Number of protein chains: 2
Amino acid sequence: MTSLVRGRPATVKDVARHAGVSASTVSNVLHGRSSVADEIRARVEAAITEVGYVPSAAGRLLRSGTSEVIQLALPDIRSPYYSALAHTVIQRARELGMTVVIEETDGAVEQEQRVASSHPHRGVGGTLICPMSLTSDDLAELRPELPTVLLGEHTRGDAFDQVFIDSRAAARDVATHLVATGRRRFAFVGTEHGKGTGPGALRLEGVRDVLRAEGLDLPDSAVLGTPDFGRETGVAVGERLPAGESGYDAVVCATDELAVGVLHALAGRGVEVPREIAVTGWDDAPESRFVTPSLTTVAHDLDDLAAAALGFVTARRADPARRPGRHVSPHRLVVRDSTQTG
Amino acid sequence: MTSLVRGRPATVKDVARHAGVSASTVSNVLHGRSSVADEIRARVEAAITEVGYVPSAAGRLLRSGTSEVIQLALPDIRSPYYSALAHTVIQRARELGMTVVIEETDGAVEQEQRVASSHPHRGVGGTLICPMSLTSDDLAELRPELPTVLLGEHTRGDAFDQVFIDSRAAARDVATHLVATGRRRFAFVGTEHGKGTGPGALRLEGVRDVLRAEGLDLPDSAVLGTPDFGRETGVAVGERLPAGESGYDAVVCATDELAVGVLHALAGRGVEVPREIAVTGWDDAPESRFVTPSLTTVAHDLDDLAAAALGFVTARRADPARRPGRHVSPHRLVVRDSTQTG
DNA sequence: GTGAAAGCGCTAACAA
DNA sequence: TTGTTAGCGCTTTCAC
């Protein structure tokens with residue numbers, strides 16, 4: 001229960017009165033600012049708990065122009081990767097005394113622009129954004145008025161703090177593993193044709209890197225563009241995917257959800273995974289351990305990612321003129337049954 | 001891009017100056033209050049876009065004590081059901097000009113209490129909470145200072161606006177379907193022994209209702225308590241579940257995630273679903289359509305649920321003395337391959 | 001129908 | 001080291 005002073009939320013003034021000091025001293029105590037005498041500090045702290053004081057976000061925001069609310073913009077919270085990311089960001093934010101509002105962009109430029117250009121007046125103190133459509137050019141003409149961190153795999157100019165995942169390197173790990181386990185006839189699922197900013201692009205490049213080095217081919221016909229990255233789309237692909245002797249023997253999917261769909265469709269057709277064809281996904285969605293066969297995938301270090309992102313927000317708040325930073329978050333290949341013969 | 005007045009966010013005063021009126025007139029226009037002359041209104045509206053005015057959340061909050069930020073408290077955003085719920089709430093909230101903060105409680109009493117007793121000073125205008133551990137008694141001694149809506153299946157006193165799902169009725173639908181398709185030897189997975197507030201309790205009761213009416217038995221040994229409701233736990237259960245001739249021929253799981261785990265373990269053991277045993281889940285997680293065999297489950301109408309919940313917040317803000325309301329959201333049995341023989 | 005003025009809670013600058 | 005003062009942006013009386 002929060003105590004109240006005369007049925008009204010307690011304010012710094014109430015605390016000040018109870019402690020027999022001034023409001024600014026209370027403020028100083030609250031922020032550990034300047035040197036407050038130990039005895040006074042103790043008295044103020046006692047008064048704070050006594051009157052049940054909770055700082056008013058409004059007062060603070062109005063006065064100092066910044067808040068402990070940060071917005072996390074992502075395409076769709078229902079996607080396992082993004083909900084896992086949100087979870088980690090929320091946990092980490094709480095440790096830092098921050099609070100997280102979720103903004104869903106559906107990967108649409110206008111939405112991403114709307115979020116990226118949020119005004120401090122909206123009451124938000126920082127932005128974490130996972131851009132899908134925003135290009136470096138879009139971002140260049142945006143002068144964000146909030147500490148803004150870009151999360152993703154693509155480099156997008158150098159005007160922003162960015163947290164990266166090196167998807168191309170991860171893709172090389174995936175392809176190398178597949179080649180090492182005897183796969184030769186590759187397909188790739190999940191590039192939107194002609195779109196360089198989506199999650200597919202770099203992942204495809206990494207696969208190409210390895211195949212080229214191995215003298216293997218990845219013809220255009222083996223690169224299967226998809227309108228989105230969901231399970232349903234994976235099913236559609238899996239239903240027509242040539243597999244076995246005369247078809248592919250490995251299919252790299254740009255997301256776990258695509259892969260889950262592909263697995264489901266292959267099972268429906270009686271195609272045996274991994275014997276006839278290996279399937280891989282991306283992002284290590286929790287469900288991927290529990291589909292049958294369990295899915296080989298790329299895992300990210302979300303704790304590292306969230307900590308880095310929030311660290312950038314904090315650093316930029318402290319020093320808005322700071323040079324934009326970059327952080328590359330580690331990844332790791334998780335080998336499971338969908339690629340493991342025998 | 002937001003326009004600025006002299007490099008500083010535009011305020012009502014700026015708008016007022018541009019329109020040649022006073023700040024209060026601007027405020028009146030913004031809120032459609034009192035009668036403002038058409039010509040003046042037009043001038044103000046023009047000025048608003050001209051200076052790129054964005055209302056300051058801080059100013060509003062400070063003055064009027066309420067905000068358009070509502071908090072959604074749930075155990076874990078990574079769970080498919082809760083991320084789907086969050087998605088729908090976020091969408092609906094945006095339509096209403098509101099913004100959503102996610103609070104994760106992990107189903108722990110202290111966390112739930114913390115959220116439920118949030119102060120208006122925190123800058124939040126309302127609370128939507130999915131309580132797991134909070135009892136009617138806990139809630140009774142909480143006098144929330146914010147419009148607070150309870151989301152869930154259990155009745156928890158009558159002091160709060162509540163949005164329900166009739167899980168007991170849904171469970172009857174599930175059991176009826178299983179009996180109608182020839183199942184006789186039931187198991188139930190997912191009750192925490194001795195905990196009446198978890199998701200398992202009512203679902204179990206509904207199953208019992210039907211079995212009793214059918215003259216079938218559900219011995220205590222067939223009610224499998226679980227420490228949580230995740231896939232991992234489902235696997236542990238599925239690994240030892242007696243199935244086939246001498247075992248169960250139907251297993252009702254309290255969540256899709258448990259069911260997915262059970263399916264995975266049964267597949268590993270070579271137990272055929274649905275031929276030897278039928279499996280059902282709860283909540284219609286997106287992945288449940290794509291596991292093999294696809295999962296029979298209970299679907300909720302999240303749009304209805306979110307709209308009702310936010311409607312309660314709005315209504316209570318308008319009239320804090322309002323009698324607490326109740327809304328029952330519909331559910332629907334979704335039959336898929338995991339229970340469908342032939 | 002419109003404007004002037006006060007004050008919500010807080011903190012930064014300055015004075016003591 | 002502590003207190004005084006002013007003002008952040010908004011809305012709401014209350015005059016006019």
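Just so it is clear: chains get the letters A, B, ... in the order the sequence lines come, proteins before strands, and each one is counted from 1. Atoms considered below: every heavy atom in the structure, side chains included; atoms not considered: hydrogens, waters and symmetry mates. Fair warning: this is a prediction, and the values are worked out from it, not measured in the lab.
- The side chain to side chain donor-acceptor pair (under 3.5 Å) with A:S329 is formed by just one residue from the set A:D304, A:D301, A:D303; it is A:D304.
- Toward the 5′ end of DNA chain C lies the nearest nucleotide of A:G59, the other residue of the pair A:S64 and A:G59 mapping further downstream.
- Put simply, B:S22 has a side-chain N or O that comes within less than 4.0 Å of OP1 or OP2 on C:dG3.
- Rounded to whole angstrom, the span from the CZ atom of A:R8 across to the C1' atom of C:dG9 amounts to 11 Å.
- The interatomic distance linking A:R41 (CZ) with D:dT2 (P) rounds to 9 Å, in whole Å.
- The side chain of B:R63 lies closest to D:dT12 when the candidates are D:dT12, C:dT11, C:dC10.
- In this structure, the NZ atom of A:K13 is 15 Å from the P atom of D:dG3, given to the nearest Å.
- B:S136 contributes atom OG, which lies 11.5 Å from atom CD of B:E141 (distance to the nearest 0.5 angstrom).
- The CG atom of B:D38 sits 11 Å away from the P atom of C:dG1 (whole-angstrom rounding).
- The shortest distance between the side-chain N/O atoms of B:S56 and the OP1/OP2 oxygens of D:dG9 is not below 4.0 Å.
- Salt bridge A:D158/A:R326: absent, no basic N to carboxylate O contact under 4.0 Å.
- In this entry the distance linking CZ of A:R17 with P of D:dT2 reads 20 Å, nearest Å.
- Checking the phosphate oxygens (OP1, OP2) of C:dG9, no side-chain nitrogen or oxygen of A:T11 falls inside 4.0 Å.
- Judged by distance alone, the side chains of B:S118 and B:Q71 do bring a donor and an acceptor atom under 3.5 Å apart.
- Heavy atoms of A:I40 sit under 4.0 angstrom from primed sugar atoms or phosphate atoms, though from no base atom.
- Between A:L61 atom CG and C:dG9 atom C1' the separation is 12 Å, expressed in whole Å.
- Of the candidate nucleotides C:dC10, D:dC8, D:dT2, D:dT2 has the atom lying nearest to any side-chain atom of A:A37.
- Distance CG (B:D14) to P (D:dC8): 11 Å, rounded to an integer number of Å.
- In this model, a side-chain donor or acceptor of B:S24 finds a partner on the base of C:dA4 within 3.5 Å.
- When the nucleotides C:dT2, D:dT11, D:dG3 are ranked by their closest atom to the side chain of B:V36, C:dT2 comes out on top.
- The CG-C1' distance, from B:N28 to D:dT12, rounds to 9 Å in whole Å.
- A 4.5 Å side-chain heavy-atom check between A:D76 and B:H87 finds at least one atom pair inside the cut-off.
- Within the 4.0 Å cut-off from OP1 or OP2 of C:dT11, at least one side-chain nitrogen or oxygen of A:R60 is found.
- Of the candidate nucleotides C:dC10, C:dC8, D:dT11, C:dC8 has the atom lying nearest to any side-chain atom of B:L62.
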